[in-house]
**Q** 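Structure provided below as structure tokens; questions to follow.
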Amino acid sequence: MSDDRLIAFTQALVRCSSLPGEEGAVTALVTAEMQALGYDQVWTEENGSAIGIIRGAMPGPTLLMDAHTDTVGIAPGIPWSHDPFGAQIEQDVLYGRGVVDMKGALAAMVHGAACVDRSRLAGRVAVSASVLEECLEGAALHAVMDAIRPDFVVIGEPSNLKLVHGGRGRAEIHLETVGRPAHSSSPHLGRSAVLDMLRVIAAMERTPMPAHPILGPAVQALTEIISDPYPGISTIPSRCRATYDRRLVVGETADDILGRILADPSLSGIELNATIAEGEYRTYTGALLSGRKFLPAWILPQEHPFVNAAMRGLTSAGLAPEFDVYRFCTNAAYSAGTVGVPTIGFGPGHEGQAHVVDEHVEVSDLLAAGDGYRGIIEAVLC
Ligand SMILES: [Zn+2]
């Protein structure tokens, strides 16, 4: 693997802005690099995710490595010490939007897979550069997996070069109370949906959260309240909607969570709807990606053969990783949580660097990640 070329490719990806729904230019860079590196097959599927295949000399399973190409934006008015699209390197540190989440991992996967010795490979490696993860985790990977049918998946979200074998899931819960409008000079003639919602929120806030021995406790946060009509001019509000962001642990289902809210005896008499939010986003290719915002938590036991093989591969690449889990939601919530394909996470950089000002990665970690991906492929498929 050429270190210089991997660094230069990472810089090229960072210099190419790629907000969700605007990943076309960065995807073209990825497919061009895969072709230049001699991938056996390279294409862009209908949602705009790039896929490259490397075939081994012998038949065997398919290992998919996935990194998303979209990044979050730049918060206005908060200066960076380095241009977020400059990809400057200073004292072994590469700065730029998306370098940790997750263009560094993408570049390391593309290059790490390319330098595997095909003559020793039983099976094939697929690398996907998927779109729109920041809006709707799992949706683009779903289409990639339908095309590839992988037996194993590696997600490159930042793990600080640790071996991730689980992650919390995420649900977006919409609550709606329905009251009766009235003139606010005679509130007793109506029913305030906002006052009802206050009781619902009080019940939500005292709900005990389940905990998992490795993933830790589930967490929920109230992120939004909207009353209707708004602005409310001398009117008792007849509708109120609140949104909760819920971080899930293994075993929690949408039916359980919604059912518990709706069955709460302290809320009897309130007209309450509780649903999981739906997301719908247009890709840069014009396709529609939609899905329910319920992504399950996942865990793969440390003694699982895939985890063992990955650990062996990382060790032979000169890394000595600890085990870890993702506290945020990733595409693995689809691959592992929804369809149960054995999945691990491994990526350069710290998760605390995602979405922040002065996002950066150590160049030495980027190069180590490339070796690590290659090590995982060789341990699983050679
Ligand atoms: Zn990410």
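Remember, it's 1-based here, ligands and their atoms both numbered in the order they're listed. This chain uses plain numbering: 1 for the first residue, then up along the sequence.
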**Q** Between the side chains of Glu33 and Arg5, is the shortest nitrogen-to-carboxylate-oxygen separation below 4.0 Å, so that they form an ion pair?
**A**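 Answer for the salt bridge query: yes.
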**Q** Regarding Asp245 and Arg247, does a basic nitrogen lie under 4.0 Å from an acidic carboxylate oxygen?
**A**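 Yes, charged N to carboxylate O under 4.0 Å.
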**Q** Report whether any nitrogen, oxygen or sulfur of Asp101 sits less than 2.8 Å from the Zn ion (ligand 1) (N, O or S, backbone or side chain).
**A** yes
**Q** Has Glu157 got an N/O/S atom less than 2.8 Å from the Zn ion (ligand 1)?
**A**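 It does; at least one qualifying atom falls short of 2.8 Å.
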**Q** Is the shortest distance from a Lys or Arg side-chain nitrogen in Arg246 or Glu252 to a carboxylate oxygen in the other one below 4.0 Å?
**A** yes
**Q** Evaluate whether atom CD of Glu205 has more than 12 neighbouring non-hydrogen atoms of other residues, nucleotides or ligands under 6.0 angstrom away.
**A**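 Enclosed.
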**Q** For the Zn ion (ligand 1), give me the closest N/O/S atom belonging to His68, just the atom name.
**A**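 Going through the N, O and S atoms of His68 one by one, NE2 ends up nearest to the Zn ion (ligand 1).
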